[in-house]
J.: 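Attaching a single structure in structure tokens format; questions to follow.
Being a predicted model, the structure only gives us computed values, none of them experimental. Order of appearance sets the numbers: ligands from 1, and atoms from 1 within every ligand.
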Amino acid sequence: MTERKIWRGFASDNYAGVHPEVMAAMMAVNEGHEVAYGEDTVTAQLDALMQKHFGPTALSFPVFNGTGANVVALQACTKRWEAVICAETAHINADEGGAPEKMGGLKLWNVPTPDGKLTPEIIDSQMFDIGSVHRAQPGVVSITQTTELGTLYTAAEIKAIADYCHSHNLLLHLDGARISNAAAALDVPFREFTTDAGVDIVSFGATKIGAMAAEAVVVLNPELHDSIAFLRKTSMQLPSKMRFLSAQLVALVEGDLWQRNARHANAMAARLDAGLRELGVEIPNPTQANAVFPIFTAEQTAKLQELYRFYVWNVATGQVRLMCAWDTTQEDVDGLLAAARGIL
Ligand SMILES: Cc1ncc(COP(=O)(O)O)c(C=O)c1O
């Protein structure tokens with residue numbers, strides 16, 4: 001194997017490696033044989049753990065990635081003529097290469113939001129022509145926790161959305177690619193802003209918080225239980241050697257690894273946010289979890305990007321995204337701040 005150059009940056013929590021405890025968990029289940037496709041002892045352990053976290057009606061279905069989790073979950077929530085309401089900035093709309101449309105056959109009614117968050121009022125703006133065959137009928141609302149702009153819904157805000165959905169014949173899906181960062185930031189258990197708030201189905205993220213490649217669809221509404229196993233297979237998201245995906249998820253949710261990793265990433269983002277504000281940098285959205293969205297001039301961004309990799313989020317405004325991961329260190333943050341001090 002060629003020698004790798006080791007570097008660190010702020011591009012994405014997906015750029016980070018696998019947490020050693022997750023790697024060890026995969027190694028620990030490597031010996032011998034187990035039944036394939038999910039009928040193994042590790043997946044059984046995961047089912048029980050997810051029920052502990054999300055309540056006794058929860059059923060979990062490991063999948064390879066977050067896009068797959070979303071496409072499987074949203075198909076379960078819609079009939080052939082129905083559509084999804086989501087924020088314009090939602091990953092399903094902006095960053096999944098059209099997978100929900102192409103693979104799930106889903107129409108997305110996407111709406112602008114000030115901060116990546118939907119509200120009952122914003123959702124209501126899409127609730128017209130109900131009963132008209134000319135318009136794809138809203139069947140499910142999809143929210144992202146934390147949002148693609150680094151903001152956070154409170155449990156009460158999600159409950160208000162769920163109540164609106166259920167009184168308008170809509171289901172509620174939560175894209176939880178960063179659900180651990182959200183739970184850690186709110187300092188509540190997962191179920192407080194999912195099961196207890198009325199969410200019907202969750203895409204549970206693990207990769208960004210230290211897994212190698214493992215996410216899960218967690219079905220909270222028993223009426224959706226039956227279809228998921230079939231949809232996961234037909235959507236090419238049924239792993240044959242499932243025990244290795246389940247082992248990653250078990251390692252994160254069995255104890256407090258999910259929380260330790262998330263708290264750390266969030267704390268690094270808070271440090272970065274404070275340091276940048278001290279330098280007088282404008283940060284329009286509040287930093288509520290592990291991402292910071294400051295505004296730099298194009299020249300400042302170009303100079304900083306010579307040292308650290310990160311994404312420009314909005315070319316027009318100069319807003320960039322600085323993402324902290326479970327392995328971001330104080331030295332990483334202080335290094336970026338020192339570089340910014342020299343450039344600004
Ligand atoms: C909000 C959100 N949802 C879903 C995903 C899933 O992505 P992937 O299919 O790359 O695992 C991501 C990844 O960046 C994300 O940020």
J.: Has the side chain of Thr144 got a donor or acceptor atom that lies under 3.5 Å from a matching backbone atom of Thr147?
T.: no
J.: Between Arg178, Glu96, Lys208, Gln145, which one has a non-hydrogen atom sitting closest to atom 13 (C) of ligand 1?
T.: Lys208
J.: Does an N or O from Gly68, backbone or side chain, lie closer than 3.5 Å to an N or O of ligand 1?
T.: no
J.: Please state which protein non-hydrogen atom is closest to atom 6 (C) of ligand 1 and give its distance, to 0.1 Å?
T.: Gly66 CA, 3.4 Å
J.: Would you check whether Thr207 reaches within less than 4.0 Å of ligand 1, judged by its heavy atoms?
T.: no
J.: For atom CD of Glu88, is the number of surrounding heavy atoms from other residues, nucleotides or ligands below 6.0 Å larger than 12?
T.: yes
J.: So which heavy atom on Val84 is nearest to which on Ser142, and how close?
T.: CG1-CB, 3.9 Å
J.: Between Glu215 and ligand 1, which part of the residue brings a heavy atom under 4.0 Å of the ligand: side chain, backbone, both or neither?
T.: neither
J.: Nearest protein heavy atom to atom 12 (C) of ligand 1, by residue and atom, and its distance?
T.: His91 NE2, 3.2 Å
J.: Please list, in number order, the atoms of ligand 1 under 4.0 Å from a heavy atom of Asn70.
T.: 4 (C)
J.: List the closest protein heavy-atom neighbour of atom 10 (O) of ligand 1: residue, atom name, distance to the nearest 0.1 Å.
T.: Thr67 OG1, 4.4 Å
J.: Checking a contact table here: which protein heavy atom is nearest atom 3 (N) of ligand 1, and how many Å away?
T.: Asp175 OD2, 2.7 Å
J.: Starting at SG of Cys324, measure out to CZ of Arg271 and round the result to the nearest 0.5 Å.
T.: 11.0 Å
J.: Cation-pi check, Arg263 to Trp326: give yes when NZ or CZ is under 6.0 Å from the six-membered ring centre and within 45° of the ring axis, no otherwise.
T.: no
J.: Is any side-chain N of the basic residue among Glu157 and Lys117 closer than 4.0 Å to the acidic one's carboxylate O?
T.: yes
J.: Quick check: Thr144 and ligand 1, any N/O pair under 3.5 Å apart?
T.: no
J.: Hey, can you tell me if His168 and Tyr164 have their rings parallel, tilted or perpendicular (30° and 60° cut-offs)?
T.: parallel
J.: With nothing but distance in play, are any N or O atoms of Glu148 less than 3.5 Å from an N or O of ligand 1?
T.: no
J.: Identify whether NZ of Lys or CZ of Arg in Arg321 sits under 6.0 Å from the centre of the six-membered ring of Phe10 and within 45° of that ring's axis.
T.: no
